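See structure below.
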2 protein chains.
Amino acid sequence: MEGKHAVAALGALAHATRLEIFRLLVQRGPEGLSAGTIAGKLDLPPSSLTFHLQQLLHAGLATQRRLSRQLFYAVDFAAMNALMAYLTENCCGGEACIPVCRPAVAKPPRARRKSA
Amino acid sequence: MEGKHAVAALGALAHATRLEIFRLLVQRGPEGLSAGTIAGKLDLPPSSLTFHLQQLLHAGLATQRRLSRQLFYAVDFAAMNALMAYLTENCCGGEACIPVCRPAVAKPPRARRKSA
DNA sequence: GCTATATTTCGATTATCGTCGAAATATAGG
DNA sequence: CCTATATTTCGACGATAATCGAAATATAGC
């Protein structure tokens, strides 16, 4: 991860609405949520939601995929982990302080009965 | 951790200069660095540096302590860990995806020969 | 108390971000 | 192709953030 990229990711998260969206998506997992579902949960006007989703996309923190008429958004877990790693890189000069993160990879999505 | 607080912390990090400062401090560990040292390493005018340090302080990501004429800044590692935890809270609905972080506590500072 | 060093506060300027209505685009189904 | 639904693009306005010089404050040593 590069500094500019990390700043973009952090900037995307540094907003109340976007952080809520992000956390919704984190909880949801790789399957993601449709724009409409998110708009419903957070009670946002559609144009505002799109704006924020674009920010998350451009920052590389979320992915987008179409399913029929709806667009599903999901967290890019690899990017999330990379960001964590970047923030804590070489913490305490490598001494035995071992602060925070153990990056790992999210499991691939699994089939479900109903989608959101 | 609360949402507003997390937004403040992320906003503090969402800036090229502040992210550099933060990472310098993360690497340095609990001992911290003096304002002057940071200004030297990043080649910043003093008033700009103060501005950014205040942001980190207000966001609760850094601590300040005076040592003679100099002010030392250090990362608040507990706050850093809390932020990570907040971002990944209940990831994937608690299913066995286990994405990222294992919060832990930074060790307390240890005595050193020379300070910076 | 005077001088030097370290850092902060103040103030003005410029640039970027957030909001949201209205109109445009994409997909699905008859 | 016409209608309905889902989402995005455009545009304009108000609000917030970043920069940095100059002056002010804090500490130390003589």
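Here is the naming used below: chain letters follow the sequence lines, and residue numbers restart at 1 for every chain. Keep in mind it's a predicted model, so treat the numbers as computed, not measured.
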Heteroatom pairs (N/O) under 3.5 angstrom, protein to nucleotides 2-6 of chain C:
| from | atom 1 | to | atom 2 | distance (Å) |
| --- | --- | --- | --- | --- |
| C:dT5 | O4' | B:Arg69 | NH1 | 3.1 |

Whole-Å gap separating [atom2] ([N]) and [atom1] ([X]):
X       : N      : atom1 : atom2 : value
B:Leu56 : D:dA18 : CG    : C1'   : 14 Å
B:His58 : D:dA18 : NE2   : P     : 14 Å
A:Leu49 : C:dG21 : CG    : P     : 14 Å
A:Leu57 : D:dT7  : CG    : P     : 13 Å
B:Arg66 : D:dT25 : CZ    : P     : 15 Å
B:Leu53 : D:dT19 : CG    : P     : 13 Å

Scan the side chains in residues 1-16 of chain B for donor-acceptor partners under 3.5 Å anywhere in the protein, sequence neighbours excluded, and list what turns up.
| from | atom 1 | to | atom 2 | distance (Å) |
| --- | --- | --- | --- | --- |
| B:His5 | NE2 | B:Ala59 | O | 3.3 |
| B:His15 | ND1 | B:Thr17 | N | 3.2 |

> If only side-chain N and O atoms of A:Gln64 are considered, is one of them under 4.0 Å from the OP1 or OP2 phosphate oxygen of D:dT7?
Replying inline: no
Any [X] side-chain heavy atom under 4.5 Å of [Y] side chain:
X       : Y       : value
B:Tyr73 : B:Thr63 : no
B:Arg28 : B:Val75 : no
A:Glu20 : A:Phe22 : no

Grab the two heavy atoms, one from [X] and one from [Y], that are nearest each other, plus how far apart they are.
X       : Y       : answer
A:Cys91 : B:Phe77 : SG-CE2, 3.5 Å
A:Ala62 : A:Leu57 : O-CD2, 3.2 Å
A:Ala35 : A:Leu49 : O-CD2, 3.1 Å

> Counting distance only, does the side-chain N/O of B:Thr37 pair as donor-acceptor with the main-chain N or O of B:Leu33 below 3.5 Å?
Replying inline: no
> More than 12 foreign heavy atoms under 6.0 Å from CG of B:Asn90: is that the case here?
Replying inline: yes
>> Tell me every residue that passes salt bridge (charged side-chain N to carboxylate O under 4.0 Å, His left out) with B:Arg23, counting only those two or more places apart in sequence or in another chain.
In response: A:Glu89
>> Please encode protein proximity along nucleotides 9-20 of chain C as a string of B, S and -, counting only heavy-atom distances under 4.0 Å.
In response: B--------SBB
>> With each end axis built from five pairs of C1' atoms, what bend angle do you get for the helix from C:dG1-D:dC30 to C:dG30-D:dC1? Round to 10°.
In response: 30°
> Looking at residues at least two apart in the chain, or sitting in another chain, which of them share a side chain to side chain donor-acceptor pair (under 3.5 Å) with A:Gln54?
Replying inline: none
